[in-house]
*Asks:* 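I am attaching a structure below and will ask some questions about it afterwards.
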Amino acid sequence: MLARRIIPCLDVRDGRVVKGVNFVGLRDAGDPIECAKRYSQEGADEITFLDISASVEGRSTLVQVVEAAASEVHVPLTVGGGVRVVADVRTLLLHGADKVAMNTAALQNPDLVADASARFGSQAIVVAIDAKRVSAQGERARWEVFSHGGRQATGIDALVWARKVCELGCGEILLTSMDRDGTGLGYDLELTRRVAELASVPVIASGGVGGPEHLLEGFVEGFADAVLAATIFHDGHHKVAEVKAFLHAQGVHVRLTEPH
Amino acid sequence: MSVPPRTALVDLGLGNLHSVARSLEAAGADVVRVGEPSTLRGFDRIVVPGQGAFRDGAAALEAGWRTPLLEALHGSTPLLGICIGMQLLFAESEEAPGARGLGFIPGRVRRFPKNLGCDPKTGAPLKVPHMGWNQLSAASSLLGEGTYYYFVHSYFCELHTAAGVATLGTSETEGAGSVTCAAVAHHGIAFCAALAQGPLLAVQFHPEKSHHAGARLLRSFLRPEAASAQ
């Protein structure tokens with residue numbers, strides 16, 4: 001049976017982890033490769049790098065980070081941020097990314113999803129959706145998709161967009177609740193479940209995790225295939241292995257790391 | 001210290017070989033990327049990796065890889081097929097009607113059906129691609145019963161035997177002895193996750209992405225004697 005996945009996410013700018021990762025004994029907490037190695041040793045099922053570099057130089061640094069990480073970290077790597085055209089996808093895949101996430105570019109040019117999926121296979125293409133609840137209280141729930149790192153409203157309904165990107169051929173959806181992101185209040189479970197139920201492809205829940213119980217909710221109430229979290233792992237309060245033991249005890253099927 | 005096995009990494013032009021090359025090196029291989037079909041000779045090990053589309057793999061076979069790969073499969077060099085490298089052993093795939101695989105293993109490559117059911121623990125619907133870590137059952141000792149490996153695929157290999165369609169069991173390959181389903185995985189349905197036939201091992205999952213379990217398998221493939229002595 002397929003295990004539910006736990007995915008730590010590292011924000012990277014100009015080749016460095018933006019928010020320091022608080023690992024005991026890590027020589028360089030800002031080094032994305034060191035962090036990724038540590039997470040994979042602790043049982044992370046995949047690692048996601050999201051590049052938030054503003055400059056062209058920063059982006060080219062990302063390619064080097066991906067190449068070094070893929071050499072040393074033998075779990076799947078998803079890389080996103082700044083992907084504009086098919087050539088960007090190709091560059092990241094050739095340097096060792098297993099999956100490439102696209103967000104704004106897919107909204108501006110949905111054909112990019114179809115082209116990249118046809119060229120590299122659906123399994124390599126992730127569409128990241130940043131969604132914000134726009135319905136008033138008491139109204140039927142609605143979420144709008146935002147682009148440009150959440151700065152720009154698109155007028156597109158998140159559920160409609162999720163269905164569309166599945167039709168276009170993406171292999172996975174990375175779904176972030178903008179309302180919950182950074183709050184520590186837990187995922188937007190209604191959003192997650194609605195998308196997970198309509199999407200034909202796996203859905204990764206993101207945004208709002210404050211503790212292991214939120215990951216459990218993401219699976220059991222949100223129907224997520226995978227859960228992504230950053231802060232709870234980075235701040236050193238929760239280890240991936242410990243979180244997995246908790247989920248296992250709660251009846252969720254996870255890959256418990258083998259003794260090595 | 002023994003000499004690292006010279007390992008041909010077959011480059012069918014399907015994309016990134018970086019991860020699989022690094023993982024093989026970490027497991028002790030002397031990796032040589034082979035992009036020219038006529039040079040696939042004299043190696044200690046052959047690895048046919050693959051991600052991407054069956055049609056592109058079949059096109060690479062037409063472009064010159066068919067004969068050297070079939071010769072290798074009929075030879076005695078241990079050969080590891082990964083993902084599309086496993087699927088290309090079959091004659092055809094539902095992914096690309098009309099595209100010709102190697103036809104070395106009897107059966108065909110099929111797409112996961114719709115409505116695979118739900119995860120029994122969380123109730124979430126099962127999705128395609130089958131993406132993530134899954135546990136093997138009915139696995140050979142080399143692969144490890146209950147071991148988790150990383151899968152990412154929408155199509156799976158359906159092995160045919162004299163008795164009909166089989167997930168488990170043994171079948172005759174054309175002039176090359178019997179093929180065995182070496183492991184089963186479950187994703188709504190049970191499917192053949194690995195097959196073995198003489199010096200051939202083919203796996204649907206990605207050892208190069210399967211952390212310690214994958215590294216152990218690659219070491220065993222490269223040095224069976226060292227692995228069994230551990």
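Every value quoted in this text rests on a predicted model; they were computed, and no experiment measured them. Quick note on labels: first sequence line is chain A, next is B, and so on, each numbered from 1.
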*Asks:* So A/F233 and A/I6, do their side chains get closer than 4.5 Å, heavy atoms only?
*Replies:* yes
*Asks:* Using heavy-atom distances under 4.5 Å, tell me whether B/L126 contacts chain A through its side chain, its backbone, both, or neither.
*Replies:* side chain
*Asks:* Taking the side chain as every heavy atom from C-beta outward, state whether A/V75 and B/Y150 have any pair of such atoms under 4.5 Å apart.
*Replies:* no
*Asks:* Out of A/A196, A/G121, A/S122, which one racks up the most heavy-atom pairs below 4.5 Å with chain B?
*Replies:*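 The residue among A/A196, A/G121, A/S122 with the greatest pair count is A/A196.
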*Asks:* Do B/S210 and B/L217 come within less than 4.5 Å of each other through their side chains, counting heavy atoms only?
*Replies:* no
*Asks:* If we only count heavy atoms from C-beta on, is the B/L80 to B/L218 side-chain gap below 4.5 Å?
*Replies:*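 Heavy-atom side-chain distance check passes, below 4.5 Å.
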*Asks:* Using non-hydrogen atoms and a 4.5 Å limit, figure out which bit of A/R193 sits close to chain B: side chain, backbone, both or neither.
*Replies:*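 Interface part for A/R193: neither.
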*Asks:* Any residues in residues 77-91 of chain A near chain B, with a heavy-atom distance under 4.5 Å, and which are they?
*Replies:*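 Not one residue of residues 77-91 of chain A has a heavy atom under 4.5 Å from chain B.
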*Asks:* Report which part of B/E208 has an atom under 4.5 Å of a heavy atom belonging to chain A: side chain, backbone, both, or neither.
*Replies:*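 Backbone only.
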*Asks:* Evaluate the ring planes of B/H153 and B/H130, with Trp represented by its six-membered ring, and classify them as parallel (under 30°), tilted (30 to 60°) or perpendicular (over 60°).
*Replies:* perpendicular
*Asks:* Applying side-chain hydrogen bond (donor to acceptor under 3.5 Å, both in side chains), name anything that partners A/D45, two or more places apart in sequence or on another chain.
*Replies:* A/K244, A/R255
*Asks:* Do you know the tightest heavy-atom contact between A/L112 and A/A106?
*Replies:*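 Shortest heavy-atom separation between A/L112 and A/A106 comes out as CD2-N, 4.4 Å.
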*Asks:* Do any of residues 83-96 of chain B have a heavy atom less than 4.5 Å from a heavy atom of chain A, and if so, which, in residue order?
*Replies:* none
*Asks:* Looking at B/F151 versus B/F205, is the centre-to-centre ring distance below 6.0 Å?
*Replies:* yes
*Asks:* Find the one option among B/L17, B/D56, B/V152, B/V128 whose heavy-atom pairs under 4.5 Å with chain A are most numerous.
*Replies:* B/V128
*Asks:* Once side-chain hydrogen bond (donor to acceptor under 3.5 Å, both in side chains) is applied, do any residues pair with A/E190, and if so which ones, sequence neighbours excluded?
*Replies:*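 Only A/R133 meet the side-chain hydrogen bond (donor to acceptor under 3.5 Å, both in side chains) criterion with A/E190.
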*Asks:* Between the side chains of A/Y187 and A/E221, does any donor sit under 3.5 Å from an acceptor?
*Replies:*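 Absent: no donor and acceptor within the cut-off.
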*Asks:* Between A/E197, A/H74, A/Q41, A/H253, who has the most heavy-atom pairs with chain B when the cutoff is under 4.5 Å?
*Replies:*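 Of the candidates given, the most pairs with chain B belong to A/H74.
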*Asks:* Counting heavy-atom pairs under 4.5 Å to chain B, which of A/S40, A/A118, A/A3 comes out on top?
*Replies:*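 So the answer, after comparing A/S40, A/A118, A/A3, is A/S40.
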*Asks:* Can you name the nearest heavy-atom pair linking A/D51 to A/V12, along with the distance?
*Replies:* OD1-O, 3.0 Å
*Asks:* For the candidates A/A97, A/G96, A/A226, A/A70, which exhibits the highest count of non-hydrogen atom pairs separated by less than 4.5 Å from chain B?
*Replies:*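 Max contact count across the listed options: A/G96.
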*Asks:* With only heavy atoms counted, which part of A/E72 is less than 4.5 Å from chain B, the side chain, the backbone, both or neither?
*Replies:*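 For A/E72, neither part sits under 4.5 Å from chain B.
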*Asks:* Cut-off 3.5 Å, side chains only: do B/R22 and B/H18 have a donor facing an acceptor?
*Replies:*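 Present: a donor and an acceptor within the cut-off.
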*Asks:* Taking B/R66 first and then B/E62, would you say they form a salt bridge - that is, a charged N and a carboxylate O separated by under 4.0 Å?
*Replies:*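 Salt bridge present between B/R66 and B/E62.
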*Asks:* Please classify the contact between A/L93 and chain B as side chain, backbone, both or neither, with a heavy-atom cut-off of under 4.5 Å.
*Replies:*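 Backbone only.
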*Asks:* With side chains defined as the heavy atoms from C-beta onward, is the minimum distance between B/M131 and A/R5 less than 4.5 Å?
*Replies:*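 A side-chain contact under 4.5 Å exists here.
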*Asks:* For chain A, find which of B/K121, B/K209, B/E25, B/H187 contributes the most heavy-atom pairs closer than 4.5 angstrom.
*Replies:* B/K209
*Asks:* For A/H234 and A/Y39, does a side-chain donor sit closer than 3.5 Å to a side-chain acceptor?
*Replies:* yes
*Asks:* Under 4.5 Å from any heavy atom of chain B, what part of A/F219 do you find: side chain, backbone, both or neither?
*Replies:*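 Looking at A/F219, backbone and side chain both touch chain B.
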